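The shown structure was predicted, so the numbers you read here are calculated from the model rather than taken from an experiment.
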Amino acid sequence: MTRLAPIVHGSFALGAALVMAGCFHDRPPQLGCATEAACSTTSTTSTSTTTDEPTTSTSTTGASPEPRTFRIDSLRLVDPHLFSDICFDVTGLVNMFGLTQQIADGELNLVLHFADFDPAALAAVLGETESCDLAQQTCVPAEGVSLQLPVEVVTEAPCLALDPAVFAADNVSSLHAPEPTCFRTSAVELALPLGAADAPLNMLQTQVTFNFDDAEDPQAIVHGVVSGFLTRASAETVDIEVSGATYNLWAMVQGPEGCAESHPDLLPSVDELAGPDGPIEGVWLAFNATASRVALVPP
């Protein structure tokens with residue numbers, strides 16, 4: 001049975017055609033966003049050759065004694081599970097040889113940057129870097145798209161602004177559970193480049209929810225959850241390679257015929273989101289995430 005989820009109104013416009021018409025660039029990993037107002041295509045520049053954090057071209061208002069940047073160092077798909085054409089659960093393989101491997105090899109470098117770091121009034125910029133020296137914990141900023149994300153301070157549970165009913169019950173217990181005081185970004189549309197996918201995932205109502213290891217002087221983001229609604233239209237355009245075989249992402253979400261009988265606790269995964277022109281078919285995605293502090297340096 002298809003799971004239904006209400007739409008949560010955020011700071012974005014939901015287009016009937018579901019086309020990401022905002023700002024993009026044509027080289028991997030193709031981070032993008034839905035509206036020009038939400039993102040900037042100017043380059044991120046450094047003001048120092050030391051490990052001090054630089055400012056960025058997308059800085060928020062207000063003075064800041066010390067900007068902070070955090071590179072996502074772990075990203076693991078928790079829900080939905082993905083299945084091959086013979087009903088084998090390949091979620092672990094996608095996580096291990098797609099996401100984990102690319103992050104460890106420095107091929108996938110997504111960062112949350114806080115130009116004015118004030119724990120009581122945060123505004124984040126989600127961006128990508130040209131390269132990172134993982135041993136030195138430094139990254140070279142990339143020219144391209146960065147997405148501005150207002151951040152809400154959440155002082156009362158729950159931190160996650162999601163109905164757990166959109167996820168398989170067995171998977172909910174595996175999700176990170178940020179506790180107040182926690183931080184939650186606004187809900188936005190974006191194209192998220194991930195692991196072994198051959199194209200970015202166009203996601204609606206994407207949010208990042210997390211704790212800092214130390215709210216006053218953070219060195220890491222912990223208990224992070226990245227969630228969003230992946231449309232069927234987007235998933236059908238994405239192929240993923242697993243152990244030398246290529247699978248369509250939407251087929252992996254649905255599972256082959258009869259697979260739900262073998263995995264009744266995990267399938268069906270298909271959801272519907274209320275849209276302006278009727279229900280939108282797709283699936284809610286949830287990733288566990290962590291991030292570590294890095295310094296932005298010149299090339």
With rounding to the nearest 0.5 angstrom, report the [atom1] to [atom2] distance, [X] to [Y].
| X | Y | atom1 | atom2 | answer |
| --- | --- | --- | --- | --- |
| Phe287 | Ile72 | CZ | CD1 | 10.5 Å |
| Glu257 | Asp85 | CD | CG | 13.5 Å |
| Phe212 | His223 | CZ | NE2 | 13.5 Å |
| Asn109 | Arg71 | CG | CZ | 4.5 Å |
| Leu110 | Leu192 | CG | CG | 6.5 Å |
| Phe70 | His113 | CZ | NE2 | 10.5 Å |

Residues forming a side chain to side chain contact (heavy atoms under 4.5 Å, CB included) with Glu152, sequence neighbours excluded: Val154, Arg184
All side chain to side chain contact (heavy atoms under 4.5 Å, CB included) counterparts of Thr100, not counting sequence neighbours: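 For Thr100 there are no side chain to side chain contact (heavy atoms under 4.5 Å, CB included) partners, ignoring immediate neighbours.
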Is the terminal nitrogen or CZ of Arg68 (NZ for Lys, CZ for Arg) located under 6.0 angstrom from the six-membered ring centre of Phe114 and within 45° of that ring's axis? no
Walk me through it: do Ser74 and Ile103 pass the test side-chain contact (heavy atoms from CB on, under 4.5 Å)? CA-CA 7 Å; Ser74 71; Ile103 291 172; 5.6 Å; no
Less than 4.5 Å apart, any side-chain heavy atom of [X] and any of [Y]?
| X | Y | value |
| --- | --- | --- |
| Met252 | Val242 | yes |
| Leu285 | Leu201 | yes |
| Ser84 | Tyr247 | yes |
| Leu77 | Leu82 | yes |
| Leu147 | Val125 | no |
| Phe229 | Asp271 | yes |
| Val270 | Val283 | no |
| Glu189 | Thr206 | no |

Tell me which pairs pass ring-ring contact (aromatic ring centres under 6.0 Å, His included) where either residue lies in residues 258-282, with sequence neighbours left out.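 Residue pairs with at least one partner in residues 258-282: Phe83-His263.
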Where the side chain of Glu236 meets the backbone of Trp250, is there a donor-acceptor pair that is under 3.5 Å apart?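 A pair under 3.5 Å: no.
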Identify the residue among Leu296, Asp133, Val297 that makes a side chain to side chain contact (heavy atoms under 4.5 Å, CB included) with Val140.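 It is Val297; the other options fail the test.
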Show, in sequence, the C-alpha distance, side-chain angles and deciding distance for Val153 and Thr181, and conclude whether the side-chain contact (heavy atoms from CB on, under 4.5 Å) test is met. CA-CA 7 Å; Val153 180; Thr181 298; 3.6 Å; yes
Indicate if Val94 and Val238 have the same hydrophobic cluster label, given that clusters are the connected sets of ILVMFWY residues with side-chain heavy-atom separations under 4.5 angstrom.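 Same hydrophobic cluster.
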